Asks: 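Okay, handing you the structure first.
Treat the numbers as computed from the prediction; the structure is a model and nothing was measured. Scope of the values below: all heavy atoms of this structure, side chains included, with no hydrogens, waters or symmetry mates. Whatever order the structure lists them in is the order used to number ligands and atoms, beginning at 1.
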Amino acid sequence: MKRIGVLTSGGDSPGMNAAVRAVVRKAIYHDVEIYGVYNGYAGLIAGNIEKLELGSVGDIIHRGGTKLFTARCPEFKTVEGREKGIEQLKKFGIEGLVVIGGDGSYMGAKKLTEHGFPCVGVPGTIDNDIPGTDFTIGFDTALNTVIDAIDKIRDTATSHERTYVIEVMGRHAGDIALWAGLAGGAETILIPEADYDMEDIIDRLKRGHERGKKHSIIIIAEGVGSGVEFGEKIEKETQFETRVSVLGHIQRGGSPTAADRVLASRLGAYAVELLLEGRGGRCVGIQNNKLVDHDILEILDTEHTVDQSMYRLSKELSI
Ligand code: F6P
């Protein structure tokens with residue numbers, strides 16, 4: 001393989017730039033030409049493609065967002081859309097593609113692979129919901145952003161003796177809520193992967209209040225439902241003054257943590273290695289701190305799961 005491409009797609013995540021940098025530098029290290037596809041699959045269809053040099057990825061390892069920009073592209077879900085994309089890849093002489101993104105992006109890479117075009121998926125999303133890897137690029141940074149918010153909210157919650165419901169992102173997955181809730185000492189964590197008992201939550205809040213607790217923090221994953229509605233129920237049932245914070249897109253921005261930069265560098269470089277070994281149709285990940293790769297045609301059939309033991313622990317520690 002003498003010429004490969006790289007794109008970022010779907011929701012951006014901190015560390016995507018570090019991954020792009022690793023792909024570009026690793027390719028050039030092996031004397032392979034590297035082309036950046038701008039705006040994800042939409043840019044692929046439009047032929048928004050340009051050759052990248054070593055300097056093209058200078059000064060980006062510490063930046064959030066993605067230098068290649070990103071998009072969600074319904075047209076790429078159609079056969080016609082994908083054929084247009086493949087035409088562009090051929091036009092530029094690109095023989096393999098690294099796709100950095102979440103499960104929608106993996107789906108695109110899977111379809112390209114089925115069309116016979118070699119792709120390697122790199123997991124980039126704050127949601128940590130991609131099967132085949134313990135961690136996705138951006139999760140650690142998002143987690144630290146949430147922790148920072150929880151710590152700050154805790155200060156004002158204590159001063160005013162309030163209950164706070166904090167809604168976090170994660171789409172259908174509860175990883176951000178669970179990890180942030182555990183690290184932030186939340187009293188209650190609600191995730192889509194576990195049922196909750198409203199009476200039990202109310203009892204806990206009341207017991208805490210009787211013990212003289214000055215505040216309560218409840219973390220709700222967006223996949224469970226609306227934090228605002230949940231907050232209203234809590235206030236009605238407990239009569240405790242309750243406020244809701246929906247953290248939103250601040251969770252997607254910011255300078256990536258060291259952990260995300262290292263993960264992105266390792267995964268990006270590994271994706272290039274696979275393409276150069278002629279092993280397209282894979283997706284990369286990290287499991288037990290070892291780089292791994294899986295068949296991209298099969299990985300999306302595997303379900304992502306949260307660590308239930310961590311969920312149980314969070315309950316034990318917040319009695
Ligand atoms: O997948 C990342 C994510 O931030 C999810 O956590 C969230 O549900 C979604 O993207 C929001 O998407 P958008 O930025 O398109 O509103």
Side-chain angles (χ1 to χ4, degrees), residues 7-20 38-43 63-77 99-110 121-150 165-181 183-184 189-193 219-230 244-257 260 263-264 267 283 285 299-300 302-306:
L7 63 79
T8 51
S9 149
D12 61 351
S13 69
M16 276 187 165
N17 273 328
V20 171
Y38 291 90
N39 298 100
Y41 292 117
R63 294 192 196 281
T66 159
K67 187 191 163 71
L68 292 179
F69 305 109
T70 184
R72 302 193 196 276
C73 178
E75 196 185 349
F76 206 70
K77 292 188 180 145
V99 172
I100 304 166
D103 64 353
S105 317
Y106 269 38
M107 185 54 85
K110 175 182 170 180
V122 175
T125 165
I126 62 165
D127 300 333
N128 208 40
D129 61 348
I130 304 293
T133 187
D134 294 343
F135 298 107
T136 57
I137 298 164
F139 173 61
D140 186 64
T141 308
L143 206 50
N144 280 284
T145 302
V146 175
I147 292 301
D148 184 49
I150 294 176
V165 175
I166 304 177
E167 183 190 306
V168 299
M169 280 186 167
R171 228 160 36 109
H172 309 298
D175 290 55
I176 297 179
L178 180 55
W179 284 66
I189 302 171
L190 303 179
I191 56 173
E193 296 87 348
I219 307 290
I220 179 168
E222 64 175 347
V224 173
S226 155
V228 173
E229 282 169 23
F230 190 79
V244 179
S245 262
V246 179
L247 296 188
H249 285 80
I250 62 162
Q251 294 163 94
R252 286 241 296 264
S255 178
T257 58
D260 271 330
L263 179 65
L267 294 181
C283 56
I299 199 69
L300 293 175
T302 320
E303 212 187 320
H304 163 75
T305 50
V306 291

Asks: Return the residue, atom name and 0.1 Å-rounded distance of the protein heavy atom closest to atom 12 (O) of ligand 1.
Replies: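 Of every protein heavy atom, Arg72 NH2, 3.0 Å lies nearest to atom 12 (O) of ligand 1.
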Asks: When you compare the side chain of Ile130 with that of Asp103, does any pair of heavy atoms fall below 4.5 Å?
Replies: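 Heavy-atom side-chain distance check passes, below 4.5 Å.
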Asks: Determine whether any heavy atom of Gln251 lies closer than 4.0 Å to an atom of ligand 1.
Replies: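 No heavy atom of Gln251 comes that close to ligand 1.
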Asks: Under the criterion side chain to side chain contact (heavy atoms under 4.5 Å, CB included), I'd like the reasoning laid out for Leu178 against Asp175: C-alpha separation, chi angles, the key distance, then a yes or no.
Replies: CA-CA 5 Å; Leu178 180 55; Asp175 290 55; 5.8 Å; no
Asks: Report the member of Glu222, Met169, His172, Arg252 with the shortest heavy-atom distance to atom 8 (O) of ligand 1.
Replies: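 It is Glu222 whose heavy atom sits nearest to atom 8 (O) of ligand 1.
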Asks: Can you list everything that forms a ring pair (Phe, Tyr, Trp, His ring centres under 6.0 Å) with Tyr38? Sequence neighbours excluded, please.
Replies: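 Scan of Tyr38 (ring pair (Phe, Tyr, Trp, His ring centres under 6.0 Å), adjacent residues dropped) gives none.
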Asks: Of all the non-hydrogen atoms in the protein, which one sits nearest to atom 1 (O) of ligand 1, and at what distance?
Replies: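 I find the closest protein heavy atom is Asp127 OD2, 2.6 Å.
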Asks: Return the residue, atom name and 0.1 Å-rounded distance of the protein heavy atom closest to atom 16 (O) of ligand 1.
Replies: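 Residue, atom and distance for the closest contact: His249 NE2, 3.5 Å.
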Asks: Rounded to the nearest 0.5 Å, what separates atom CG in Leu143 from atom CD in Gln251?
Replies: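 The CD atom of Gln251 is 10.0 Å from CG of Leu143, to the nearest 0.5 Å.
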Asks: Give the minimum heavy-atom separation between Asp129 and Ala173, together with the two atoms involved.
Replies: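 Closest heavy-atom pair between Asp129 and Ala173: CB-CB, 3.7 Å.
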Asks: Under 3.5 Å between some N or O of ligand 1 and some N or O of Gly170?
Replies: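 Yes: some nitrogen or oxygen of Gly170 is under 3.5 Å from one in ligand 1.
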